[in-house]
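Right, one structure below, let's go through it.
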Amino acid sequence: MSHLSAHVLDAAAGVPAAGVGVQLALRSGEHIASATTNADGRVGDLGPDRLEPGDYQITFSSGAYYADRGVDCFYPVVTVVFTVAANQSHYHVPLLLSPYSYTTYRGS
């Protein structure tokens, strides 16, 4: 299992957001990994088994997701910056998405 997973829900439609591009990078922008959410809106394996302590960013391609559905949106990407602490085994980043808002939190 990867050190990082993500889950995207289309809150406006009330369904998992399948097909959302997700990128993991160092806070400096150096690319680490890419994935696409599955039919359940999940990415179970994003990046390596271990992340060094530090700041990272996960970017969700929300604009492309909504464009594929013919829906205008205000946020073409959603970037969440987070800190990985030493001795943490797993991080989960959920995203509740709609065309004009989003919410995220540290999941379990």
Side-chain angles (χ1 to χ4, degrees):
M1 175 179 248
S2 172
H3 198 70
L4 182 67
S5 59
H7 189 194
V8 184
L9 296 172
D10 184 334
V15 297
V20 176
V22 182
Q23 296 79 38
L24 174 65
L26 294 173
R27 177 69 171 117
S28 65
E30 182 182 335
H31 179 80
I32 297 173
S34 297
T36 303
T37 58
N38 64 18
D40 195 33
R42 295 180 182 272
V43 172
D45 258 343
L46 185 60
D49 292 343
R50 271 268 173 252
L51 293 173
E52 294 297 318
D55 293 339
Y56 294 84
Q57 61 188 31
I58 184 171
T59 300
F60 300 91
S61 299
S62 49
Y65 169 78
Y66 281 115
D68 287 347
R69 285 147 187 80
V71 175
D72 291 333
C73 77
F74 186 68
Y75 299 102
V77 296
V78 173
T79 299
V80 178
V81 178
F82 62 98
T83 301
V84 169
N87 301 318
Q88 293 291 309
S89 62
H90 182 74
Y91 286 85
H92 182 66
V93 181
L95 178 68
L96 303 176
L97 187 61
S98 75
Y100 296 97
S101 69
Y102 65 88
T103 302
T104 187
Y105 55 94
R106 179 168 179 189
S108 56

Task: Check: P48 and I32 side chains under 4.5 Å, non-hydrogen atoms - done: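 Side chain of I32 against side chain of P48, heavy atoms only: contact under 4.5 Å found.
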Mind checking the [atom1]-[atom2] spacing from [X] to [Y]? Nearest 0.5 Å is all I need.
| X | Y | atom1 | atom2 | result |
| --- | --- | --- | --- | --- |
| Y56 | L4 | OH | CG | 10.0 Å |
| Q23 | T36 | CD | OG1 | 8.0 Å |
| E52 | H3 | CD | NE2 | 9.0 Å |
| L24 | L51 | CG | CG | 6.0 Å |
| Y65 | D10 | OH | CG | 3.5 Å |

TODO: For the pair T83 (side chain) and G54 (backbone), establish whether a donor and an acceptor sit closer than 3.5 Å, ignoring hydrogens and angles.
DONE: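 No.
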TODO: Give a yes or no answer on whether the side chain of H7 reaches the backbone of D40 with a donor-acceptor pair at less than 3.5 Å.
DONE: yes
Check this for me: [X], atom [atom1], are more than 12 non-hydrogen atoms of other residues, nucleotides or ligands nearer than 6.0 Å?
| X | atom1 | value |
| --- | --- | --- |
| R69 | CZ | yes |
| F74 | CZ | no |
| D72 | CG | no |

Do [X] and [Y] sit in one hydrophobic cluster, given that two such residues count as connected whenever their side-chain heavy atoms are within less than 4.5 Å of each other, even indirectly?
| X | Y | result |
| --- | --- | --- |
| V43 | L9 | no |
| L26 | F82 | yes |
| V20 | Y66 | yes |
| V78 | Y100 | yes |
| L46 | L96 | no |

TODO: Could you give me the CA-CA distance, side-chain angles and deciding distance for V8 and F60, then say whether side chain to side chain contact (heavy atoms under 4.5 Å, CB included) is met?
DONE: CA-CA 9 Å; V8 184; F60 300 91; 3.6 Å; yes
Task: Pairing residues for D55 by the salt bridge (charged side-chain N to carboxylate O under 4.0 Å, His left out) criterion, not counting sequence neighbours - done: none
TODO: Please name all residues satisfying side-chain hydrogen bond (donor to acceptor under 3.5 Å, both in side chains) with S61, sequence neighbours left out, ordered by chain then number.
DONE: none
Task: Qualifying residues under ring-ring contact (aromatic ring centres under 6.0 Å, His included), relative to Y75, sequence neighbours excluded - done: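 Once residues adjacent in sequence are excluded, the partners of Y75 under the ring-ring contact (aromatic ring centres under 6.0 Å, His included) criterion are Y102.
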Task: Heavy-atom closest pair, residues S62 and C73 - done: O-SG, 4.2 Å
